[in-house]
Amino acid sequence: MRTAVVAANWKMNKDLNEAEILVKSLIEGYSPSGTEVYIAPPFVHLYAVNKWINESGMRLAAQNMNAAESGAHTGEISSSMLKSVGASTVILGHSERRDIYSESDGLINEKVKSALAAGMQIIFCFGEQLGERKASAHFDVVKAQLSEGLSGVSADQMSEVILAYEPVWAIGTGETASPEQAQEMHAFIRDYLRNQFSDAVAERTRILYGGSVKPSNAAELFSKPDIDGGLIGGASLQADDFLAIVKAAS
Ligand code: 13P
């Protein structure tokens, strides 16, 4: 049995004061269950959020990192910096990093290898654009993103990788992939893991769905056999909504 995961990706939202209000409401309403819950605030709040969630049972994640260990990379953040403020999990390959900041599969792969070498856990994101789905290219696109983004990653290292399928047309649009569309892709991804790595990797890897997950659709999505939880954007900014989604995964 795979342990469910629900992760909050706050993206570029919440100042420090708002972050404190949200985290305190989350802690008040949260009762730990078997589900792993991650909060990924902006970099500048990681240190504070780590202190606030201490002992709550919730875990901390970062939204990005640089592949280099240190040096002349103005404005960037390394794995050791993240670990030093309590974040040993990092989201990599998010479609907003790919689209707005031109992160290629190759660059994402460098980050993946660097994070794994530093002993971090990864939430690796990927997913097709609307035009690619309309052209029925979504399986090919996802396969290429997995194969290039995870190139050089061993079966052993895959135990530190959580996958997050986020069809770009469903992110922040209110349009969710239907539970059937999501399940179809998740089953495809699990088959890919079986072929590329092993049965064991396919069976143990958590595959999250992301894209307009809300309290009203979470339970049905999470009831599908290959959907092991969610990566939540907009609905993670409201404590009640996020907690309802966490409950739906438990
Ligand atoms: P929304 O839940 O706002 O659609 O965002 C999904 C996402 O991109 C999470 O990483």
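The first residue of the sequence shown is numbered 1, and numbering continues consecutively from there. The analysis underlying the following values was restricted to heavy atoms, covering all of them including side chains, and did not include hydrogens, waters or symmetry mates. When a ligand or atom number is given, it counts from 1 through the structure's own listing order.
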[X]: numbered ligand 1 atoms lying under 4.0 Å from its heavy atoms:
X: G234; value: 1 (P), 2 (O), 3 (O)
X: G233; value: 1 (P), 2 (O), 3 (O), 5 (O), 6 (C), 9 (C)
X: E166; value: 6 (C), 7 (C), 8 (O), 9 (C), 10 (O)
X: G172; value: 1 (P), 3 (O), 4 (O)
X: L231; value: 9 (C), 10 (O)

If you measure from each heavy atom of [X] to ligand 1, is any distance below 4.0 Å?
X: A170; answer: yes
X: K214; answer: no
X: G211; answer: yes

Any Lys/Arg nitrogen of [X] or [Y] sitting under 4.0 Å from an Asp/Glu carboxylate oxygen of the other?
X: R133; Y: E128; answer: yes
X: K24; Y: E28; answer: no
X: D140; Y: K143; answer: no

Kindly indicate, with the supporting measurements, whether the criterion salt bridge (Lys or Arg N to Asp or Glu O under 4.0 Å) is fulfilled by R190 and E203. CA-CA 8 Å; R190 210 173 293 290; E203 287 314 312; 5.7 Å; no

What one should report as the nearest heavy-atom pair of F197 and V153 is CE2-O, 3.2 Å

- request: Evaluate side chain to side chain contact (heavy atoms under 4.5 Å, CB included) for M185 paired with H138, printing each intermediate quantity in order.
  value: CA-CA 9 Å; M185 181 58 87; H138 44 299; 3.9 Å; yes

Quick look: N9 vs ligand 1, heavy-atom contacts under 4.0 Å, and the answer is side chain

Can you tell if the side chain of L82 reaches within under 4.5 Å of the side chain of F43, non-hydrogen atoms only? yes

Measuring only between side-chain heavy atoms, which start at C-beta, is L116 closer than 4.5 Å to S154?
no

Q.
Using a plain distance cutoff, I'd like to know if A235 has any nitrogen or oxygen under 3.5 Å from a nitrogen or oxygen of ligand 1.
A. no

heavy-atom search around atom 5 (O) of ligand 1 in the protein gives K11 NZ, 3.2 Å

